[in-house]
Structure formats: structure tokens, C-alpha cells
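To start, the structure itself, in C-alpha cells.
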There are 2 protein chains.
Amino acid sequence: MNSAPPHARSGALRRLEAIAALDDLSITALNRAIDEASVLSARRELMIEGQEIVGKRLIVSGWAARARLLADGRRQLISFLIPGDLIGNCGHKRPLAVSTVLALTAVSSADLTHCQTHALKEAYEVSRAIEEAHLLAQITRLGRLSALERLADLFLELYERLALAGLAADGRFALPLTQEIVADALGLTSVHLSRTLQLARRRGEFEWRDGRVVLHDIAQLERMVGRQPVRVSML
Amino acid sequence: MNSAPPHARSGALRRLEAIAALDDLSITALNRAIDEASVLSARRELMIEGQEIVGKRLIVSGWAARARLLADGRRQLISFLIPGDLIGNCGHKRPLAVSTVLALTAVSSADLTHCQTHALKEAYEVSRAIEEAHLLAQITRLGRLSALERLADLFLELYERLALAGLAADGRFALPLTQEIVADALGLTSVHLSRTLQLARRRGEFEWRDGRVVLHDIAQLERMVGRQPVRVSML
DNA sequence: CGGCCATTTGAACCATTTCAATAAACGTGG
DNA sequence: CCACGTTTATTGAAATGGTTCAAATGGCCG
């Protein structure tokens with residue numbers, strides 16, 4: 001029991017349904033695209049900075065990240081990509097990638113070239129706005145929050161996003177990444193991230209162990225970092 | 001002599017012409033909008049986080065910033081807005097502002113509601129892509145660069161952007177902001193920004209005094225921070 | 001069992017912050 | 001045009017948060 005049926009409604013589809021009203025035609029098109037998703041293993045690149053963007057893709061499962069690599073080996077992860085997130089979601093002609101997209105786990109992604117219904121175009125636009133809001137959140141984290149606050153704020157954001165795709169509930173979610181990866185996103189060293197994690201655990205605020213995050217009191221954490229849920233539209 | 005003619009080609013117009021090929025119709029429409037630009041004095045808000053976005057506006061002159069305010073008084077400036085930049089440039093229905101936009105000097109801005117030619121729509125899309133690239137640059141600055149590198153990188157970005165609008169040349173541009181404002185953008189204290197500025201001056205790399213920035217060797221600065229110019233399209 | 005990678009720990013070090021005091025520049029009204 | 005209060009920039013000294021480097025520990029996979 002509890003084994004997923006072969007065509008379980010994917011988290012990616014759930015997220016898109018949550019951010020825009022999709023008609024049957026759109027859902028059919030999406031399901032067809034998702035059925036033909038291709039898999040890329042961890043550490044492979046889905047897109048490379050400076051290269052031309054071929055088309056929109058949808059993350060169907062797994063974790064990826066947008067990254068900027070510096071000449072001297074430092075790297076900054078811009079944002080995490082989870083099921084339901086889009087890659088190459090641009091609006092102009094012959095776009096160039098401004099960041100590299102890196103698979104952090106095995107990632108399956110679907111080509112959205114043939115998913116261009118009216119409803120889906122609206123979903124893409126909303127997704128873009130949400131993504132922008134997350135970039136602003138990342139800037140604020142890096143610029144003005146302490147290590148503990150950064151981590152709490154990131155976990156709250158991931159929780160909110162994963163919940164949209166049905167991949168988080170009850171203050172818990174799977175986070176199949178290394179500390180070093182999260183450190184690269186938060187502008188910290190992995191050493192300090194490790195210590196910060198222990199601090200959070202000792203304080204009883206949240207923990208991350210064995211690939212699972214538990215947030216003990218979401219409302220209180222939100223207060224602590226002054227966080228409010230992301231909203232990009234009146235609707 | 002040297003007094004600007006009443007209808008000098010504005011920096012804002014110059015930037016839009018630089019990022020997309022504009023036909024006469026578009027330019028006429030823009031000029032009409034710019035002629036009717038309205039002025040807001042420093043410290044006033046052009047847009048408030050969480051409120052509905054009314055329509056696109058174009059910064060015609062002056063400096064503004066997108067900002068996030070934290071509950072405890074900390075604030076993070078997300079990005080600077082200069083002539084030719086857009087506000088409220090969204091693609092979906094009933095959008096909400098995800099950041100406050102604050103006038104840093106007196107700012108004049110034009111309503112673009114009636115500027116919807118094909119060429120202008122393309123310009124808006126390209127502008128959006130450029131803005132996103134700048135957000136990524138800001139994330140990298142805050143996450144992985146030292147104070148001196150952050151400052152150099154920001155000045156290089158501003159130089160590049162101002163040059164597009166014809167407002168910078170020869171490694172020099174006007175920067176009519178306080179140190180505290182720039183510190184809030186760079187995630188530093190104004191005290192440390194002041195010290196960093198002195199370091200840069202002593203090293204002969206760049207200086208900012210009396211509202212004017214001078215970059216002494218752009219190519220060398222770019223090497224120092226590992227910076228490459230922003231490109232978002234093959235065209 | 002052995003090797004590899006991720007995590008933890010400790011100690012020294014450094015970049016940046018904090019707080020407080022001073023100096024300079026600015027605008028405003030008399 | 002000067003005197004005023006206010007904002008902005010600078011300086012110093014001490015405290016802090018985060019980094020660095022190196023070594024130890026623990027899991028996991030072959």
C-alpha cells in the first residue's frame with residue numbers, strides 16, 4: 001500500500017494549478033509533456049550562463065538551482081528550483097541565459113514548447129512574478145539577515161513553495177541537499193551553516209537531519225524573521 | 001552655452017532605443033508620455049509593497065530604489081532605478097507590488113499606459129530581462145563579495161547602465177546619493193562603507209566624492225571582481 | 001574491510017558592526 | 001549674511017559574527 005500509482009498527479013502540475021486556473025486542454029497538454037519528461041542526473045547542467053535559451057522547461061521532480069560561478073571558484077546559488085518551477089521562462093526574442101541551472105539531485109524536466117494555451121501563458125506570467133518575489137527575498141536575506149535568520153527564512157520559503165506542490169505539510173519537508181549546497185545559497189561557509197543548524201536545534205526552533213526539515217513553530221519563526229507569505233496578484 | 005535645449009533627447013528615451021529597435025510611432029508615443037511626466041520629491045514612494053500595481057511607469061530623470069523594509073527598522077535596497085528604467089513592468093492580471101519604490105532624489109516619471117506599440121512591448125520584455133540579470137548580480141554581490149568588491153561591482157554596474165542612457169562616460173558619473181543609501185543597497189553599515197571608500201581611494205582604484213564617481217581603470221576593476229557586461233539577448 | 005564524502009569540532013584569525021564622539025556640509029529663517 | 005539645528009561623513013576602540021584551516025568523526029557504498 002501507499003505506493004504511488006503510475007500516473008499520480010505530479011507536484012509540478014499541482015503547483016501550476018495552484019497559481020492559475022487551468023482548463024482541461026491545458027492540463028491535457030501538460031500531462032502529455034510531463035509523460036515525456038527527460039531525466040538528468042545530479043551535477044549536470046540544464047542551462048548554461050551566456051548560452052542561448054532553447055525553450056521553456058518545467059521541473060517535474062528533483063531539485064535544481066540557478067547559480068553564478070565566479071572566476072576564482074567561489075559560487076553563489078541564486079535560488080532553488082523545485083517541482084512546478086520553470087526554466088527559460090522569458091518573454092523576448094533570442095534570449096540568453098543569465099545564470100547556469102544545475103541539477104542538485106536527479107531532475108526530471110518537461111519541454112513546454114507545445115504548452116501554449118491562454119491559461120498556461122497566464123500561469124507562466126504568474127510564475128515569473130513569483131520567481132521575482134523570491135529573488136527579492138533572497139536579496140533581503142543576504143543583505144540584512146544573520147546566519148540563523150537566513151536559514152529560518154529560507155526554510156520558511158521552501159516550506160511555502162513545496163506545500164504549493166503538495167510536497168510539504170505539517171511543518172515538515174524533505175531536503176535532499178548537502179549543507180555545502182545550502183551554504184552556497186545563503187552566502188555562508190558550510191562550517192558556519194553546520195554550527196547555525198546546531199544552534200537552531202538547541203533552541204528548539206527547527207532542525208534538518210537525514211534529509212528532512214522540521215519547523216517546530218511556523219508562526220513564531222515567521223515572526224522572528226519578519227516574514228510574510230509571497231503574494232503577487234489580487235486574484 | 002551648454003544649456004540643455006528644452007526638448008533634449010532624454011536619457012530615458014536613449015536607454016529604450018538602445019535596448020530595442022523603436023519605430024517612429026513608438027518614439028512619438030514615448031515623447032508624448034515623457035512631456036507629461038510628473039515629479040515626485042525625494043523620500044516619497046512611487047509604489048508600495050503589497051498594493052495593487054496601477055500601470056507601467058518610466059523613470060525620466062532622478063534616482064529611485066526598490067526597497068524591502070523589515071519590521072525592526074532594517075531595510076534592504078534591492079536595486080537602484082535610473083532614467084530609462086521601468087516600474088510596474090508586469091505581465092499578469094491585477095499584479096501586486098512585491099517591493100516599495102522610493103524616490104532617492106526628485107524623480108520625474110511618465111505613465112506608459114498609452115505606449116503599447118509592438119516595438120515597445122519588446123523593449124519592455126528586454127528591460128525585464130535586464131532587470132532580472134541585475135537582481136542576480138545583486139545576489140552574487142551580497143552573497144559572495146567583500147565590501148570593497150561589492151562597491152566596485154556596483155559602481156561598474158551603474159556605470160554600464162548610466163552609459164546606456166548617456167549619463168556616464170569616461171569612467172565618470174554623477175551619484176547624488178548618501179553613503180547610507182548605498183550602504184543599505186550593499187548590505188553594509190554606512191560606517192564601513194565610508195572606510196571602504198577610503199581604502200579604494202588610497203589604492204587608487206576609484207573614488208566617490210561630492211556626488212561624483214570616478215573609476216580609474218575600468219578593465220582592471222572588472223578583472224578584480226570577475227565581472228562581465230550584462231547581455232540578455234543574442235540580438 | 002577500506003575509501004570516500006559529508007558533517008562536526010576546535011582554535012586562531014579577520015572583516016564588519018557597534019557605539020560614541022567629532023567634524024564638516026547644508027538648508028533655513030532671522 | 002550669519003547663526004542655527006540637522007543631516008552626512010569621518011574617526012577610534014571594543015565587540016561580534018563569520019571564516020579559515022586542520023583534524024576527527026561518522027555514514028555509506030563497493
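Quick note on labels: first sequence line is chain A, next is B, and so on, each numbered from 1.
Among the atoms of the strands shown, only primed sugar atoms or phosphate atoms (P, OP1, OP2) are found under 4.0 Å from some heavy atom of B:S146. Among the heavy atoms of the strands, none lies under 4.0 Å from B:L197.
We find the CZ-CD1 distance between B:R66 and B:I87 to be 9.5 Å, quoted to the nearest 0.5 Å. For the atom pair A:E131 CD and A:N89 CG, the distance stands at 7.0 Å (nearest 0.5 Å).
Rounded to whole Å, the distance from CG on B:L193 to C1' on D:dT8 is 12 Å.
The backbone N or O of B:A106 sits nowhere less than 3.5 Å from a side-chain atom of B:S41 that would complete a donor-acceptor pair. The main-chain N or O of B:V98 is found under 3.5 Å from a side-chain atom of B:R68 such that the two form a donor-acceptor pair.
Contacts of residues 205-213 of chain B with DNA chain D (heavy atom under 4.0 Å): none. Within residues 63-70 of chain B, no residue has a heavy atom under 4.0 Å from DNA chain D.
Residue A:T189 has a polar side-chain atom (N or O) positioned under 4.0 Å from OP1 or OP2 of D:dT19.
A:D72 and A:R74 are joined by a salt bridge, as a carboxylate oxygen and a charged side-chain nitrogen come within less than 4.0 angstrom of each other.
By the salt bridge (charged side-chain N to carboxylate O under 4.0 Å, His left out) test, A:R227 is found to be paired with A:D153, A:E160, residues two or more places apart in sequence or in another chain being considered.
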In the 5'-to-3' direction, what one-character label does each nucleotide of nucleotides 25-30 of chain D receive under the scheme B = base within less than 4.0 Å of a protein heavy atom, S = sugar-phosphate only, - = no such atom?
------
Atom pairs under 3.5 Å, N or O on each side, protein against nucleotides 11-13 of chain D: can you list them with distances?
unit_1 : atom_1 : unit_2 : atom_2 : d
D:dT11 : OP2    : B:Q198 : OE1    : 2.4
D:dT11 : OP2    : B:Q198 : NE2    : 3.3
D:dG12 : N7     : B:R195 : NH1    : 3.1
D:dG12 : O6     : B:R195 : NH2    : 3.3
D:dA13 : N6     : B:R195 : NH2    : 3.1

Pairing annotation in dot-bracket form, given for DNA chain C with Watson-Crick or G-U pairs under 3.5 Å and | for cross-strand partners:
||||||||||||.|||||||||||||.|||
